[in-house]
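Before any comments, here is the structure.
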There are 2 protein chains.
Amino acid sequence: MDISFNDIKQKFQGCGLKTTPQRTAIYDALLRSTAHPTAEDLFDQVAPQFPMMSLNTVYYTLGVLRTSGLIHEVNIGHTRARFDANLSPHHHLICVECQAIVDVMDPRLNRLTSPAGIPKDFEITSYQVAFRGFCGSCRRHAGRSINHSSSGLHPTTVKGGLHGKSS
Amino acid sequence: MDISFNDIKQKFQGCGLKTTPQRTAIYDALLRSTAHPTAEDLFDQVAPQFPMMSLNTVYYTLGVLRTSGLIHEVNIGHTRARFDANLSPHHHLICVECQAIVDVMDPRLNRLTSPAGIPKDFEITSYQVAFRGFCGSCRRHAGRSINHSSSGLHPTTVKGGLHGKSS
DNA sequence: TGTTAAATAGTAATTATTCTTAAATAGGAA
DNA sequence: TTCCTATTTAAGAATAATTACTATTTAACA
């Protein structure tokens with residue numbers, strides 16, 4: 001996920017965006033991260049290089065990048081927006097304790113077929129699976145043992161498909 | 001999805017909750033709805049019966065019901081929380097234009113298996129698929145024709161499983 | 001190099017939600 | 001049935017995240 005300044009400049013130009021130092025730094029920070037940072041996370045990360053920068057600029061920049069399709073907004077809970085520069089189709093694993101978001105790149109999840117029983121005139125343009133649970137450190141901290149049956153998930157990966165046995 | 005006052009009373013008692021008129025009305029309104037209303041939606045719906053009620057009570061009540069496991073909070077975007085009294089496992093279809101949320105009950109979606117490539121110590125407790133797109137009325141209003149290929153979804157439902165052909 | 005539309009930074013405003021507190025009340029005990 | 005108490009309600013204040021407004025600055029193009 002390494003990218004040069006010129007790559008970023010080209011992407012910005014391709015979207016008709018000016019290449020400013022702040023914008024470049026924010027987008028670069030997001031490209032380097034897999035943690036799905038908040039606007040404030042990015043501000044904290046970039047602010048040392050730009051002592052005059054305002055949090056507002058981060059929000060504005062993220063809005064522009066999102067509108068241009070260079071980044072995605074990921075929402076887990078309604079408290080704050082999280083951002084992601086990984087545009088390849090993927091899904092998320094969310095720790096309900098510490099709110100960590102981990103990318104799930106299993107390509108089989110990208111082959112779901114249209115669900116049954118939905119309005120015929122609804123046009124689906126994308127979908128995402130959000131897996132929720134407890135990350136390792138939160139689980140250990142709480143003294144939880146793993147109990148896969150509670151998820152409704154099959155404990156092991158089934159070769160060749162995402163479905164379990166028909167019930 | 002019809003439920004009597006005594007059913008509600010029993011559910012509240014089972015969770016150690018007092019059966020107050022406001023709480024009953026809020027939960028009843030949520031049970032009758034499939035629109036995944038916001039706290040304010042519910043307030044508007046219930047307020048005529050309780051002119052003195054405050055929005056605060058709705059928030060408090062929804063918090064109590066959620067903690068008791070009687071309702072779920074559904075988040076689409078970070079702007080506001082939406083609520084759902086439908087506890088049976090299901091998924092959602094979200095209109096990115098008008099923010100409508102439609103339940104997707106296709107049982108095949110409840111049989112996904114553990115995704116590959118995730119940390120071994122992460123315990124998944126649940127998952128949900130969020131399908132995004134344009135509902136009929138928003139699509140017609142914007143003059144969009146249906147283009148299923150943009151979703152990565154197979155246009156037709158494949159009998160017997162959720163996966164498409166292996167590529 | 002000059003021009004201009006876009007971007008930045010600072011401040012204020014807005015929105016959704018939570019906190020605090022006092023009064024009211026449901027539900028169990030006497 | 002009446003009393004007691006913890007819970008619930010309502011009202012207003014407070015908070016957190018985000019957006020709006022505006023003057024200044026700057027990147028990109030001519």
Side-chain angles (χ1 to χ4, degrees), chain A residues 5-6 8-29 36-44 46-68 70-71 73-83 99, chain B residues 5-6 8-29 36-44 46-68 70-71 73-83 99:
Chain A
F5 172 76
N6 278 328
I8 291 177
K9 184 163 191 173
Q10 281 201 336
K11 285 204 190 187
F12 286 172
Q13 285 179 331
C15 300
L17 301 178
K18 290 186 180 175
T19 306
T20 69
Q22 294 94 330
R23 180 172 290 170
T24 305
I26 291 166
Y27 182 52
D28 186 59
H36 307 79
T38 64
E40 204 168 6
D41 292 336
L42 290 165
F43 175 74
D44 291 342
V46 171
Q49 308 165 55
F50 301 94
M52 302 308 291
M53 190 167 65
S54 85
L55 177 55
N56 205 338
T57 298
V58 180
Y59 275 109
Y60 175 83
T61 301
L62 291 170
V64 166
L65 297 178
R66 180 189 46 201
T67 302
S68 302
L70 290 176
I71 66 173
E73 190 174 319
V74 181
N75 292 288
I76 65 148
H78 61 273
T79 41
R80 36 160 61 83
R82 310 270 297 253
F83 296 90
Q99 317 293 312
Chain B
F5 172 76
N6 278 326
I8 291 178
K9 185 164 190 172
Q10 281 200 337
K11 284 204 191 184
F12 285 173
Q13 285 179 333
C15 299
L17 301 178
K18 290 187 181 176
T19 306
T20 69
Q22 293 93 330
R23 180 171 290 169
T24 305
I26 291 166
Y27 182 51
D28 187 58
H36 307 78
T38 64
E40 204 168 6
D41 291 336
L42 289 165
F43 175 74
D44 291 342
V46 171
Q49 307 165 56
F50 301 95
M52 303 307 291
M53 190 166 67
S54 85
L55 178 55
N56 205 335
T57 298
V58 179
Y59 276 109
Y60 175 82
T61 300
L62 291 170
V64 166
L65 296 178
R66 180 188 48 201
T67 303
S68 302
L70 291 177
I71 67 174
E73 190 173 320
V74 180
N75 292 290
I76 64 147
H78 62 273
T79 41
R80 34 160 63 82
R82 310 269 298 251
F83 297 88
Q99 318 292 312

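Naming: A, B, ... by sequence-line order, numbering from 1 per chain. Every heavy atom of this structure was used, including side-chain atoms; hydrogens, water molecules and symmetry mates were not.
By the side-chain contact (heavy atoms from CB on, under 4.5 Å) test, B:S54 pairs with B:N56, B:T57, sequence neighbours left out. Scored by the side-chain contact (heavy atoms from CB on, under 4.5 Å) test, A:N75 finds A:E73, A:A81, B:H78 as partners (sequence neighbours excluded). With sequence neighbours excluded, the residues that form a ring-ring contact (aromatic ring centres under 6.0 Å, His included) with A:F12 are A:Y27. Under the rule for a salt bridge (Lys or Arg N to Asp or Glu O under 4.0 Å), A:D41 has no partner lying at least two apart in sequence or in another chain. Residues meeting the side-chain contact (heavy atoms from CB on, under 4.5 Å) test with B:F43, sequence neighbours left out: B:A47, B:M53, B:L55, B:V58. When the side-chain contact (heavy atoms from CB on, under 4.5 Å) test is applied to B:S68, the partners found at least two apart in sequence or on another chain are B:C15, B:L17, B:V64, B:L70.
Side chain of A:R82 to main chain of A:I76: no donor-acceptor pair is present (N/O by atom type, distance under 3.5 Å, no hydrogens or angles).
The stretch residues 48-64 of chain A comes close to DNA chain D through A:N56, A:Y59, each having a heavy atom under 4.0 Å from the strand.
Residue A:T38 is out of contact with every strand shown, counting any heavy-atom pair closer than 4.0 Å.
The nearest whole Å value for the distance from the CZ atom in A:R82 to the C1' atom in D:dT18 is 16 Å. Taking atom CD of residue A:E73 and atom P of nucleotide D:dA17, one finds them 14 Å apart after rounding to whole Å. Distance, A:L42 CG to D:dT18 C1': 15 Å, rounded to whole Å.
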Inset, instruction - May I have the step-by-step check of side chain to side chain contact (heavy atoms under 4.5 Å, CB included) for B:R23 and B:Y60, ending in yes or no? - result: CA-CA 10 Å; B:R23 180 171 290 169; B:Y60 175 82; 3.8 Å; yes
Legend entry - Verdict with reasoning, A:L42 to A:L62, per side chain to side chain contact (heavy atoms under 4.5 Å, CB included): CA-CA 10 Å; A:L42 290 165; A:L62 291 170; 3.9 Å; yes
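Protein chain A touches strand DNA chain C; the 5'-most and 3'-most nucleotides with an atom under 4.0 angstrom of its non-hydrogen atoms are C:dA5 to C:dT17.
Across A:D44 and A:P48, no two heavy atoms sit closer than the pair O-CD, 3.3 Å.
From one end of the helix from C:dT1-D:dA30 to C:dA30-D:dT1 to the other, with five pairs defining each end axis, the axis direction shifts by 30° (rounded to 10°).
Taking the side chain as every heavy atom from C-beta outward, B:T19 and B:F5 approach each other to under 4.5 Å.
Atom CD of A:Q22 sits about 10.0 Å away from atom CD of A:Q49, to the nearest 0.5 Å. The distance from the OG1 atom of A:T61 to the CZ atom of A:R66 is 11.5 Å, given to the nearest 0.5 Å.
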Inset, instruction - Do nucleotides 22-30 of chain D as a string where each nucleotide becomes B, S or -: B if the base has a protein heavy atom under 4.0 Å, S if just the sugar-phosphate does, - if no protein is that close. - result: -----BS--
